[in-house]
Amino acid sequence: MTLPADAHVHSEFSWDAGSDPSSVGSMRRTCERAVRIGLPALVFTEHLDLEDHWVAGPEDLGSHARSLVGVDGRVRLPPLDLDGYLAAIDRCRYDFPELTILTGVEFGQPHLWDAAAADVVRRVDRVNGSLHMLPFEEGDAGAGSGADGAARGAAHDAGARTEPSTLYRYRPPADVMWAYLAEIPRMVAGSDSFAVFTHIDYAVRSWPSATAGPFDPREFEEGFRAGMRAIASSGRALEMNTRRLWSWVPQWWAEEGGRAVTFGSDAHTADALATGFPEATAMLESFGFRAGRRPEEFWTR
């Protein structure tokens, strides 16, 4: 079978991979693996995160990224080295001519940062829009006795935001999930910069199953469907993120008028490239989606 492009791939130029010294050279290693496994195309979508009021505890980030959390509970990210990234892409295109390599970014909260990101967005081939963060409000600071003290203090700052994984320590899990789903239509309406909405199940990744029980998408079906309707109405594609293969995602997407999909492993290391792609493509075909003329094109129905 001909695999579609992996349209959500990270390298050493993404802060959550690049802060790990072992990531050096991962772009090249990823291209080598793509050739080995017969993947015809990929898109390096490096993180474009401009949040300047991200509140977190050290335990909320991976072990190698904890140093990015200051004593004040604020996360300070290194900027994307766009020139270095584009130069590395050019080298890989030269060294791997059999592989189609597109440039891109995974743009966090584009509805809040479109203007600030305009110069970056216009220089890349593909923009994935991601919803990673929600408001971290002053009321959250008084809850969750196990939460990090610095993060609680920083919550008093106007405009503070944080990830669902942090909010689950402060609010009932269902409240966090509904807040996440309610933000999706606002993100779609508030930004023109992105073509693909990524990992619509992002808040599910950190769902506290140990205390809340297994995640049941049916409890939040209308929220997911409303988000999908907004994405579909805007003419954008929905990413089939293969970290988890949920059959309800393509089913509800098709039923809510979704016409286009991409496939993304969200790989941060070469060995995770195109994980689950054979199963994902079979699933999408069963819901009527078909490949484009070229592997890097959207699948449509």
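Each residue takes its place number in the sequence, starting with 1.
- Sequence neighbours left out, the pairs with a member in residues 39-54 that pass salt bridge (Lys or Arg N to Asp or Glu O under 4.0 Å) are Glu51-Arg161.
- Partners of Glu255 according to the side chain to side chain contact (heavy atoms under 4.5 Å, CB included) rule, which considers only residues two or more places apart in sequence or in another chain, are Arg225, Gln251, Trp252.
- Pairs engaging residues 260-274 under the salt bridge (Lys or Arg N to Asp or Glu O under 4.0 Å) rule: Arg205-Asp266, Arg243-Asp266 [sequence neighbours left out].
- Rounded to the nearest 0.5 angstrom, Ser233 OG and Glu256 CD are separated by 9.0 Å.
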Can Arg186 and Leu131 be said to form a side chain to side chain contact (heavy atoms under 4.5 Å, CB included), step by step?
CA-CA 10 Å; Arg186 289 192 283 269; Leu131 180 58; over 6 Å; no
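- Checked against the 6.0 Å centroid threshold, Trp54 and Trp15 count as a close aromatic pair.
- Taking a 6.0 Å sphere around CG of Asp81, one finds it holds more than 12 heavy atoms contributed by other residues, nucleotides or ligands.
- Residues that satisfy the side chain to side chain donor-acceptor pair (under 3.5 Å) test with Thr198, not counting sequence neighbours, are Ser130.
- At a threshold of 4.5 Å between non-hydrogen side-chain atoms, the residues Phe96 and Glu32 count as touching.
- Heavy atoms only, all atoms of each residue included: Thr103 and Val124 are closest at OG1-CA, 3.3 Å.
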Does His53 form a side chain to side chain contact (heavy atoms under 4.5 Å, CB included) with Met133? I'd like the steps, not just the answer.
CA-CA 11 Å; His53 283 72; Met133 299 190 192; over 6 Å; no
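- For Glu163, the side chain to side chain donor-acceptor pair (under 3.5 Å) criterion is met by Tyr202, not counting sequence neighbours.
- Judged as a salt bridge (Lys or Arg N to Asp or Glu O under 4.0 Å), the pairs with a partner in residues 99-119 (not counting sequence neighbours) are, in order, Asp119-Arg122.
- Judged purely by atom type and a 3.5 angstrom limit, Arg236 has no side-chain atom pairing as donor or acceptor with the backbone of Gly129.
- When all heavy atoms of Arg123 and Leu86 are compared, the closest pair comes out as NH2-CD1, 3.4 Å.
- Shortest non-hydrogen contact noted between Ser191 and Phe194 is OG-CD2, 3.6 Å.
- Going from atom CZ of Arg33 over to atom CG of Leu99 covers 13.5 Å, rounded to the nearest 0.5 Å.
- The shortest side-chain heavy-atom distance between Val204 and Met177 falls under the 4.5 Å cut-off.
- For residues 95-105, every residue pair satisfying the salt bridge (Lys or Arg N to Asp or Glu O under 4.0 Å) rule, not counting sequence neighbours, is listed here: Arg28-Asp95.
- The minimum heavy-atom distance between His10 and His8, with the atom names listed, is NE2-NE2, 3.2 Å.
- In this structure, Phe263 and Trp299 have perpendicular ring planes: the angle between them is above 60°, well past the 30° mark.
- Annotation: salt bridge (charged side-chain N to carboxylate O under 4.0 Å, His left out) contacts of Glu222 (sequence neighbours excluded): Arg229.
- Every salt bridge (charged side-chain N to carboxylate O under 4.0 Å, His left out) that Arg76 has, sequence neighbours left out, goes to Asp72.
- A tilted orientation is assigned to the rings of Phe215 and Trp248, their planes being inclined by 30° to 60°.
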Begin from the C-alpha positions of Ser265 and Asp6 and carry the test side chain to side chain donor-acceptor pair (under 3.5 Å) through to its verdict.
CA-CA 6 Å; Ser265 66; Asp6 191 335; 2.5 Å; yes
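- Taking all atoms of both residues into account, the shortest heavy-atom contact from Arg171 to Ala179 is NH1-CB, 4.2 Å.
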Between Met27 and Ile89, is the side chain to side chain contact (heavy atoms under 4.5 Å, CB included) condition met? List the steps.
CA-CA 8 Å; Met27 180 182 286; Ile89 291 285; 3.8 Å; yes
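- Counting heavy atoms from C-beta on, the side chains of Thr30 and Phe44 come closer than 4.5 Å.
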Steps toward side chain to side chain contact (heavy atoms under 4.5 Å, CB included) verdict (Ile200, Ile231)
CA-CA 10 Å; Ile200 197 168; Ile231 299 164; 4.2 Å; yes
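- Taking all atoms of both residues into account, the shortest heavy-atom contact from Thr242 to Ala280 is CG2-CB, 3.8 Å.
- Phe287 and Trp253 have their aromatic ring centers separated by at least 6.0 angstrom.
- With sequence neighbours left out, the side chain to side chain donor-acceptor pair (under 3.5 Å) criterion links Arg244 to no other residue.
- With contacts defined as side-chain heavy-atom distances shorter than 4.5 Å, the pair Thr262/Val43 does not qualify.
- A search for salt bridge (charged side-chain N to carboxylate O under 4.0 Å, His left out) contacts involving Arg290 returns nothing, not counting sequence neighbours.
- In this structure, Trp207 has no side chain to side chain donor-acceptor pair (under 3.5 Å) partners at least two apart in sequence or on a different chain.
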